[in-house]
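These numbers were taken from a predicted model, which means no experiment stands behind them.
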Amino acid sequence: MRRSILAICFLAGVSCSPAATGHATRDELVAAFVAALNADDLDQLERTLHPACRALISGPTQAYYEDLLEKDLSYTIPAEHVVTYSSVPEDQALPFARQFDYPARPTDSMTLQFKSDQYSLVSIIRWIRQDELGWHLVLPHPKEGTLALLAEQRVRKQELEVRTEELLQSMAPELRSKIEEQLRAGQMLDAIDEYSTATGESTEMAVSVVQSIKATEGSK
């Protein structure tokens with residue numbers, strides 16, 4: 001409920017917290033970003049964003065920003081993470097400029113890496129900016145065509161999630177047991193191939209089903 005209320009304020013452009021100033025150093029900014037993710041705190045995550053980014057959030061882009069922020073909040077960052085920075089020269093073209101606008105030009109990029117398990121390395125890459133307001137995160141803003149494409153992908157994702165749940169509910173216990181055994185052995189690709197071969201489902205669907213099983217096993 002708290003996150004929903006904050007999301008409404010955030011996406012409607014209403015201040016849910018005191019006006020935020022930037023952090024004095026980029027390390028302090030990243031520390032605040034990590035703290036927000038580990039606390040599952042949307043309000044704290046919002047305060048890391050550059051004001052120019054927040055000013056552009058509106059109704060048509062609500063779902064885009066909700067997905068982006070929810071994905072960030074799904075991470076739990078361990079203490080053993082590594083952060084690297086790279087400067088962005090003023091004359092350097094920014095990537096994906098045809099698909100996204102940059103309401104505030106990034107001055108640096110930040111890469112945060114950590115192991116989510118024994119076999120998986122996660123990299124979170126974010127644009128950051130230093131100006132008279134301090135250090136902030138910069139979110140790219142989708143152009144109209146990009147927004148339409150993202151909406152289509154969102155519908156496809158929802159359909160995939162529904163179908164995945166149906167397949168999980170109807171899966172033969174013997175097949176699930178074998179896949180769980182392969183996952184415990186770190187044999188992710190073998191588990192995907194096992195499921196696809198046994199059921200005739202596409203590789204995309206097999207990946208979704210196996211990842212769901214992996215997530216369930218990891219939460220036990």
Side-chain angles (χ1 to χ4, degrees), residues 7 10-11 13 15 17 19-39 41-116 120-154 156-157:
F10 175 73
L11 296 168
S15 177
S17 58
T21 56
H23 292 274
T25 68
R26 56 190 183 183
D27 286 341
E28 288 182 10
L29 170 62
V30 173
F33 176 72
V34 169
L37 270 52
N38 287 345
D41 189 332
L42 180 62
D43 186 34
Q44 187 174 351
L45 180 58
E46 175 212 353
R47 292 197 296 271
T48 67
L49 303 179
H50 195 282
C53 298
R54 282 177 277 153
L56 287 178
I57 298 174
S58 61
T61 55
Q62 176 173 339
Y64 163 74
Y65 284 104
E66 282 182 342
D67 287 349
L68 198 62
L69 297 173
E70 287 293 332
K71 182 176 180 180
D72 277 348
L73 292 173
S74 71
Y75 291 116
T76 299
I77 314 299
E80 298 77 20
H81 62 266
V82 177
V83 179
T84 56
Y85 302 101
S86 178
S87 62
V88 179
E90 292 186 5
D91 59 350
Q92 176 179 308
L94 297 175
F96 310 112
R98 291 185 178 181
Q99 294 81 26
F100 294 90
D101 291 317
Y102 294 82
R105 182 179 175 84
T107 57
D108 298 76
S109 65
M110 176 275 291
T111 301
L112 188 155
Q113 290 186 318
F114 61 94
K115 285 188 175 181
S116 59
S120 301
L121 181 66
V122 177
S123 294
I124 300 177
I125 302 173
R126 292 290 179 271
W127 297 110
I128 58 178
R129 173 179 173 83
Q130 181 190 34
D131 55 24
E132 67 278 5
L133 300 175
W135 285 93
H136 289 93
L137 294 180
V138 175
L139 299 181
H141 189 77
K143 296 183 178 180
E144 185 175 351
T146 305
L147 201 57
L149 178 60
L150 291 172
E152 293 176 5
Q153 293 176 344
R154 192 175 301 109
R156 171 59 182 155
K157 179 183 177 182

- prompt: Val83 and Met110: side-chain contact (heavy atoms from CB on, under 4.5 Å), yes or no, with the steps?
  reply: CA-CA 7 Å; Val83 179; Met110 176 275 291; 3.8 Å; yes
For [X] versus [Y], what's the shortest heavy-atom pair and its separation?
X      : Y      : answer
Lys143 : Ala97  : NZ-O, 2.8 Å
Asp72  : Leu37  : O-CG, 3.0 Å
Ala104 : Ala52  : CB-CB, 4.2 Å
Leu73  : Ala36  : CD2-O, 3.8 Å
Gln44  : Asp41  : N-OD1, 2.9 Å
Pro51  : Leu133 : CG-CD1, 3.9 Å

- prompt: Does Arg26 make a cation-pi contact with Tyr85, if we ask for NZ or CZ under 6.0 Å from the ring centre and within 45° of the axis?
  reply: yes
Do the non-hydrogen side-chain atoms of [X] and [Y] ever get within less than 4.5 Å of each other?
X      : Y      : result
Trp127 : Leu139 : no
Leu94  : Arg105 : yes
Val138 : Ile128 : no
Arg129 : Asp108 : no
Trp135 : Val30  : no
Tyr75  : Ile124 : yes
Cys53  : His136 : no
Pro60  : Leu147 : yes

Backbone of [Y] reached by a side-chain donor or acceptor of [X] within 3.5 Å:
X      : Y      : value
Thr107 : Gln130 : yes
Arg126 : Thr111 : no
Lys115 : Pro78  : no
Asn38  : Ile77  : yes

task: Using the side-chain contact (heavy atoms from CB on, under 4.5 Å) rule, take Tyr65 and His141 through it: C-alpha gap first, then chi angles, then the decisive distance, then the call.
output: CA-CA 9 Å; Tyr65 284 104; His141 189 77; 2.7 Å; yes
- prompt: Once you round to the nearest 0.5 Å, how far does OG1 of Thr48 lie from CD of Glu46?
  reply: 8.5 Å
statement: Here the gap from Arg154 atom CZ to Lys157 atom NZ, rounded to the nearest 0.5 Å, amounts to 9.0 Å
message: Can you confirm whether Glu144 is buried at CD, in the sense that more than 12 heavy atoms of other residues, nucleotides or ligands lie under 6.0 Å from that atom?
response: no
Flag for Ser123-Gln113: side-chain donor and acceptor within less than 3.5 Å: yes
query: Quick one: do the Asp131 and His50 side chains pair a donor with an acceptor below 3.5 Å?
result: yes
query: Can you say whether the rings of Phe100 and Tyr64 are parallel (under 30°), tilted (30 to 60°) or perpendicular (over 60°)?
result: tilted
- request: State plainly whether the residues Asp67 and Lys71 are in salt-bridge range, i.e. N to O under 4.0 Å.
  value: no
- prompt: Can Val82 and Phe114 be said to form a side-chain contact (heavy atoms from CB on, under 4.5 Å), step by step?
  reply: CA-CA 7 Å; Val82 177; Phe114 61 94; over 6 Å; no
